[in-house]
Amino acid sequence: MATRKTSEPFWWLLFAAGGMVAALLVPVHLLVHGLAVPLGWTSISHARMLALAGHPLVKLYLFALIALPLYHWAHRFRFILEDLGLRGLRTPIAILCYGAAVLGTVATLWVLWQI
Amino acid sequence: MTEETMTLEVTRYRPGHDREPRTQSFTVPYRTDWVVLDALNHIKDRIDGTLSYRWSCRMGVCGSCGMMVNGVPKLTCAAFLRDYRPGPIRVEPLANFPVIRDLVIALDDFMEKLRRVKPWIIRAVEKPVSDGEYLQTPAQLDAYKQFSMCINCMLCYAACPVYGLEPAFLGPAAIALAYRYNLDSRDEGYRLREPVLSEAVGVWECTFVGECSVVCPKGVDPAAAIQRSKLAGATDWLLSMIMPWAGRR
Ligand code: SF4
Ligand code: FES
């Protein structure tokens with residue numbers, strides 16, 4: 001119990017930040033990279049995008065854009081499972097959910113590193 | 001013309017006597033201006049005097065007549081029969097609480113939680129009465145007014161699935177009340193309430209279901225109080241991480 005008491009605000013802050021990103025920024029990218037470019041409404045060459053993604057500030061932005069929503073998902077999904085009545089498994093569920101988000105974060109770092 | 005009637009399916013239960021709750025049907029006259037509480041009073045006066053339930057003001061103020069009406073927590077003095085035509089109407093004790101008898105539930109857990117959040121104005125130093133009142137501007141009143149409208153009807157606890165699963169959860173109304181005093185410009189008790197709110201079974205237990213605010217008859221919006229208390233708690237936590245030497249507010 002004691003550890004839950006101290007770690008909850010940390011995960012909640014990541015959840016809140018991830019929620020902001022997911023609500024405000026992700027739709028923009030879905031529109032641009034999910035619709036506008038593939039449907040040919042606008043064209044950005046792969047080389048240009050790659051060059052853009054290589055900039056350190058853009059990398060930082062991409063990192064926040066990709067990693068933070070993972071924690072939003074993890075927190076939400078953990079609570080959904082708990083609300084479904086799996087409260088006996090709280091600790092393993094928390095480890096699994098946040099663990100997945102941490103893995104995703106590491107993967108994001110790795111991919112961004114490669115660019 | 002025969003008189004129009006409506007059927008109420010009422011939960012009856014005497015712990016210690018009955019093995020389990022049972023449902024009893026009563027037929028009552030239908031009146032457009034009758035609420036479920038009127039129908040219960042009719043049953044108690046004319047049909048079965050042993051039916052037990054709580055009520056007092058009959059006007060949505062005392063908060064004592066909360067029951068499950070067709071599975072939804074309602075003030076029975078504000079639930080009109082006409083909205084449940086043609087019926088039958090299922091009347092059960094508030095969910096998530098132990099039953100004392102029939103529709104009467106035990107309040108002890110809620111009362112204990114209310115006391116724990118110290119829902120009164122706390123001053124570091126109380127000024128003498130001769131110094132006059134603590135004055136407040138309309139804006140300072142508006143800051144907490146909504147959260148002060150709570151009538152302790154506990155509908156929000158009956159609606160909260162988290163409270164149903166984790167009875168230790170401080171719960172919507174108690175958190176809303178704590179928040180109400182934290183927002184009061186006359187109050188200085190934030191530090192004293194904070195440990196209760198920031199417990200694992202305090203605000204952090206909430207999983208943003210939001211049903212509390214849906215069923216609240218007074219527009220208190222306890223869900224907002226909980227989320228904003230989380231933000232305050234998380235900010236406190238962050239500050240304590242960045243500046244462990246600084247005393248938190
Ligand atoms: S917050 Fe609303 S639903 Fe909850 S006890 Fe107060 S008035 Fe009732
Ligand atoms: S009887 Fe008082 S609120 Fe319903």
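Below, chain A is the first sequence line, B the second, and so on; all start at residue 1. Quantities reported herein were computed from a predicted structural model and do not represent experimental measurements.
- For the residue pair A:D83 and B:L165, the shortest heavy atom distance occurs at O-CD1, 3.7 Å.
- Around the CZ atom of B:R22, the shell of radius 6.0 Å holds more than 12 heavy atoms that belong to other residues, nucleotides or ligands.
- Shown here is B:K230, whose NZ atom has more than 12 heavy atoms of other residues, nucleotides or ligands within 6.0 Å.
- Summarising the local packing, CZ of B:F110 is surrounded by more than 12 heavy atoms from other residues, nucleotides or ligands at distances under 6.0 Å.
- Enclosure of atom CE in A:M20 is not indicated, since only 12 or fewer non-hydrogen atoms of other residues, nucleotides or ligands lie within 6.0 angstrom.
- Side-chain contact between B:C206 and A:F79 is absent, with no heavy-atom pair separated by less than 4.5 Å.
- Counting heavy atoms from C-beta outward, A:R76 and B:F208 have side chains that approach closer than 4.5 Å.
- Across A:P9 and B:A234, no two heavy atoms sit closer than the pair CB-CA, 4.0 Å.
- Interface remark: B:V209 contributes side-chain atoms only to the contact with chain A (heavy atom separation under 4.5 Å).
- Between the OG1 atom of B:T235 and the CG atom of A:L13 there is a distance of 7.0 Å, given to the nearest 0.5 Å.
- Between the CZ atom in A:R90 and the CD atom in B:E166 there is a gap of 6.0 Å [rounded to 0.5 Å].
- In this structure, CG on B:L231 lies 4.5 Å from CH2 on A:W12, to the nearest 0.5 angstrom.
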